[in-house]
Amino acid sequence: MAGLRSWAGRHRATPFMAATALYASALSRWSGQTDLTLGTPSSGRHRVEAAPLVGCFVNMLPIRLDLSGDPAYGETLDRVRDAVIEAQANGDVPFEEIVKDLRLDRDPTGRVPLIRHIVQFDEALRPAPMAGLDLELQPLGTGTAKFELFVDFEDGGDRGLECRAHYSTEVLDAETVDRFVTELCRSAEAAADENRSLS
């Protein structure tokens, strides 16, 4: 986790941007595609008027990435940083409106068009102290996957960087996802070498 933060800092990026760069580079290698659109949940509370309101305002934020030219990890992070900043500048546009304006054909399987791969980064959560109780946070799984592949990175505190993958069993199998996550781990270790390319 410290290495990820250091790498991100050298590129004026956040840990989320660094995790997204690792995820995108692995997806690019595996798919052979250099034009990727990833999604990430956005709080939807960018306006001051929304601060006192109660409710869920989450919006899906599409991030389009160009990874052509076999960029090194550092250059990939620079591209991701710029793409995330651009996407966040338009974060108030509802995802449904983007899909509607693009006039995309709906997938008969019910999957969301445009976004099939999701990345998210969460800071470490700590349970609030309560006298006489030892509390431990537990992940809550729904048993279903809403997207083909959803990778959730989390600052695990003393445990370092943690990664959870949720995937559609109609598209991927456990062995494939396990290999993908292993590659993500290798990418995280290799990212410190600024001159290493994605190949």
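Position 1 is the first residue of the sequence; numbering continues from there.
- Legend: residues meeting side-chain contact (heavy atoms from CB on, under 4.5 Å) with T14, ordered by chain and number and at least two apart, are F16, M17.
- Using a distance-only test at 3.5 Å, with no hydrogens or angles considered, no donor-acceptor pair links the side chain of T37 to the main chain of I63.
- For CZ of R179, the number of neighbouring non-hydrogen atoms (other residues, nucleotides, ligands) closer than 6.0 Å is greater than 12.
- For D35, the CG atom sits in a packed shell: over 12 heavy atoms of surrounding residues, nucleotides or ligands are nearer than 6.0 Å.
- Heavy-atom minimum distance, A18 versus L4: CB-CD1, 3.6 Å.
- If you take CG on D82 and NE2 on H11, they are separated by 12.0 Å, rounding to the nearest 0.5 Å.
- Contacts of T169 classified as side-chain contact (heavy atoms from CB on, under 4.5 Å), with partners at least two apart in sequence or in another chain: Y167.
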Report the C-alpha separation of R10 and S6 in whole Å, then their side-chain angles, then the decisive distance to 0.1 Å, and conclude whether the side chain to side chain donor-acceptor pair (under 3.5 Å) test is met. CA-CA 6 Å; R10 289 195 303 273; S6 175; 3.1 Å; yes
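- With rounding to the nearest 0.5 Å, the separation of CG in D70 from OG in S25 is 11.0 Å.
- In this structure, CD in E183 is found 9.5 Å from CG in L27, a value given to the nearest 0.5 Å.
- If you take OG1 on T20 and CG on L36, they are separated by 11.5 Å, rounding to the nearest 0.5 Å.
- When side chains are defined from C-beta on, F180 does not count as touching L172, because their heavy atoms never get closer than 4.5 Å.
- Annotation for A8 and P15: closest pair CB-N, 4.1 Å, computed over non-hydrogen atoms.
- Salt bridge E75/R79: present, at least one basic N to carboxylate O contact under 4.0 Å.
- Between Y73 and S187, the shortest heavy-atom contact is OH-OG, 3.3 Å.
- For D78 and R12, the salt-bridge test fails: no basic side-chain N is under 4.0 Å from an acidic carboxylate O.
- Of all heavy-atom pairs between A87 and L61, the closest is O-CD1, 3.3 Å.
- A distance of 10.5 Å separates OG1 in T40 from OH in Y23, rounded to the nearest 0.5 Å.
- The two residues A21 and V80 have their closest heavy-atom pair at CA-CG2, 3.7 Å.
- The shortest heavy-atom contact between A13 and L77 is CB-CD1, 3.9 Å.
- Rounding to the nearest 0.5 angstrom, the gap separating the CG atom in L65 from the OG atom in S28 is 9.5 Å.
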